[in-house]
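Each remark here refers to the structure printed beneath this line.
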Amino acid sequence: MSPARTAASTLITVAPTGAETAKADVPALPTTPEELVETAVACEQAGAALIHIHVRDRDHRPTLDGAFLKEAVDGVREATDLVVQLSTGGAVTDPLDKRLTVLDADPDSCSLTCGTTNFGDGVFLNPWGFMVDLYRQAQEREVVPEFELFELGHVHALRRLIDECGLPFGGKVHVDFVTGVPGSMPGTPQALMAGVAMLPPEVTSWSATGIGRAHLPIVAAALSAGGHLRVGMEDNLMYAKGRPVEHNRELVARAAEIANVMQRPAMSTTEARELLAIKDRRTR
Ligand code: KMH
Ligand code: ZN
């Protein structure tokens with residue numbers, strides 16, 4: 001990607017829930033369908049244009065159950081104009097074949113992690129065959145993947161994926177650097193810039209997120225380098241030292257404020273749909 005193609009505005013993705021934090025530990029985490037929709041509406045108003053969803057069951061545990069996924073997709077789609085992205089990463093304990101069923105819920109977009117990585121004490125498995133199966137399924141169903149890059153090796157694997165399978169539905173290639181996962185790529189501007197420098201020319205936009213303490217430094221680094229942002233309680237539970245996040249809206253609003261100061265204001269959902277070449281599945 002050439003710096004000349006830096007966007008004038010900023011795509012803000014919110015990842016409100018994730019699969020790692022227990023509701024009992026963080027009651028502010030949106031885990032019910034009602035909380036998810038309320039969060040989506042509030043975050044859209046605060047400047048988000050895309051939502052990355054992990055679904056929980058009625059006991060607030062992570063699930064890939066199709067009925068829960070469909071309920072989440074339909075609920076957010078009815079209440080907002082956000083681009084609806086489902087996680088295909090799930091939790092580290094989720095089996096690969098179950099993760100391949102996520103697209104049955106008909107999201108606009110899906111995450112697609114470009115390789116296996118350390119994930120704290122666990123291993124987040126993404127073997128080559130799984131990546132190819134998921135990518136081909138997304139192409140067939142006209143779902144736009146967001147390529148998740150946790151490691152520099154994942155950038156190289158993206159090159160191989162494009163060579164072997166071609167471009168995604170719509171022809172745009174959007175990637176997200178997930179930095180600061182313990183044991184994976186560190187959440188530093190230096191590591192992020194190394195990844196950006198390696199991006200294949202087919203990449204049309206990139207965003208970044210920093211886990212935990214890396215959150216704000218990565219916001220600043222990504223904006224400075226022409227990237228887009230992902231924020232949310234999946235990645236960061238602290239608004240500041242000693243001050244927990246009370247609502248995902250706060251993280252989105254702060255990201256939008258910083259983007260505004262950097263003269264790259266938050267992108268509308270219409271602009272985001274164009275940027276990512278999203279097929280219109282809206283019902284309202
Ligand atoms: N929960 C992580 C194991 C994704 O959503 O695609 C995987 C993850 C990535 O969050
Ligand atoms: Zn996720």
Side-chain angles (χ1 to χ4, degrees), residues 12-23 25-26 29-31 36 39-40 43 48 50-57 60-64 68-69 72-73 76 82-103 105 107-127 130-131 133-135 137-138 143-151 154 157-158 161 168 174-185 187 206-212 214-215 218 229-237 248 251 276:
I12 300 180
T13 293
V14 62
T17 310
E20 282 72 41
T21 302
K23 178 78 162 178
D25 294 337
V26 182
L29 196 72
T31 53
L36 177 66
T39 296
C43 289
L50 189 157
I51 186 165
H52 168 86
I53 299 175
H54 288 253
V55 169
R56 302 290 177 104
D57 66 16
H60 311 282
R61 285 182 307 224
T63 180
L64 291 178
F68 287 109
L69 290 168
V73 169
V76 172
L82 293 169
V83 176
V84 178
Q85 180 182 98
L86 284 180
S87 164
T88 63
V92 283
T93 45
D94 285 323
L96 297 174
D97 54 353
K98 189 76 185 160
R99 286 167 53 195
L100 277 178
T101 65
V102 164
L103 299 195
D108 300 318
S109 171
C110 67
S111 57
L112 194 167
T113 298
C114 292
T116 295
T117 186
N118 291 321
F119 198 87
D121 296 345
V123 174
F124 178 29
L125 264 184
N126 294 283
F130 171 78
M131 288 164 55
D133 287 350
L134 178 57
Y135 192 26
Q137 217 184 95
V143 173
V144 175
E146 174 177 290
F147 300 99
E148 309 290 349
L149 310 173
F150 289 64
E151 304 270 10
H154 292 182
L158 172 63
L161 201 56
H174 178 69
V175 309
D176 178 52
F177 290 95
V178 183
T179 72
V181 170
S184 192
M185 177 163 75
W206 64 271
S207 67
T209 188
I211 305 296
H215 212 66
I218 290 296
L229 307 177
R230 173 174 127 172
V231 296
M233 293 174 76
E234 173 168 346
D235 302 336
N236 176 30
L237 295 167
N248 277 283
L251 296 172
L276 306 174

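Note that the coordinates shown come from a computational prediction; the quantities given were computed from them, not determined experimentally. Counting starts at 1 for both ligands and their atoms, in listed order.
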- May I have the step-by-step check of salt bridge (charged side-chain N to carboxylate O under 4.0 Å, His left out) for Arg61 and Asp57, ending in yes or no? CA-CA 5 Å; Arg61 285 182 307 224; Asp57 66 16; 3.5 Å; yes

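- To the nearest 10 degrees, the Zn ion (ligand 2) sees NE2 of His52 and NE2 of His54 at an angle of 100°.
- For the ligand labelled ligand 1, residue Gly90 lies inside the 4.0 Å heavy-atom shell.
- Close approach of ligand 1 to Gly89 (heavy-atom distance below 4.0 Å) involves ligand atoms 4 (C), 6 (O).
- The protein heavy-atom contact nearest to atom 10 (O) of ligand 1 is Glu234 OE2, 2.9 Å.
- Between atom CE of residue Met185 and atom NE2 of residue His154 there is a gap of 9.0 Å, rounded to the nearest 0.5 Å.
- Residues Tyr135 and Phe147 place their aromatic rings such that the two centres sit under 6.0 Å apart.
- When you scan the N, O or S atoms of Glu234 for the one nearest the Zn ion (ligand 2), you land on OE2.
- Using cut-offs of 30° and 60° on the angle between ring planes, the pair Phe150 and Phe119 is tilted.
- Using a distance-only test at 3.5 Å, with no hydrogens or angles considered, a donor-acceptor pair links the side chain of Asn126 to the main chain of Gly115.
- Nearest non-hydrogen protein atom to atom 7 (C) of ligand 1 is Phe124 CZ, 3.4 Å.
- No more than 12 heavy atoms of other residues, nucleotides or ligands lie within 6.0 Å of CG in Asp121, so this atom counts as exposed by the packing criterion.
- The N/O atoms of Glu148, backbone and side chain alike, include none that comes under 3.5 Å of an N/O atom in ligand 1.
- Listed by atom number, the atoms of ligand 1 under 4.0 Å from Glu20 heavy atoms are 1 (N), 2 (C), 3 (C).
- Between Phe150 and ligand 1, no N or O atom pair is found at a separation short of 3.5 Å.
- The nearest N, O or S atom of Glu148 is not closer to the Zn ion (ligand 2) than 2.8 Å.
- Remark: ligand 1 atoms within the under-4.0 Å shell around heavy atoms of Val92 are 3 (C).
- Shown in contact with Ser111 at under 4.0 Å from a heavy atom are these atoms of ligand 1, numbered in order with element: 4 (C), 5 (O), 6 (O).
- Within ligand 1, counting atoms from 1 as listed, the ones closer than 4.0 Å to a heavy atom of Ser87 are 4 (C), 5 (O), 6 (O).
- Side chain of Arg56 to backbone of Gly18: a donor-acceptor contact under 3.5 angstrom is found.
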- Using the side-chain hydrogen bond (donor to acceptor under 3.5 Å, both in side chains) rule, take Ser207 and Asp176 through it: C-alpha gap first, then chi angles, then the decisive distance, then the call. CA-CA 5 Å; Ser207 67; Asp176 178 52; 2.7 Å; yes

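- The side-chain heavy atoms of Glu148 and Arg230, taken from C-beta on, include a pair separated by under 4.5 Å.
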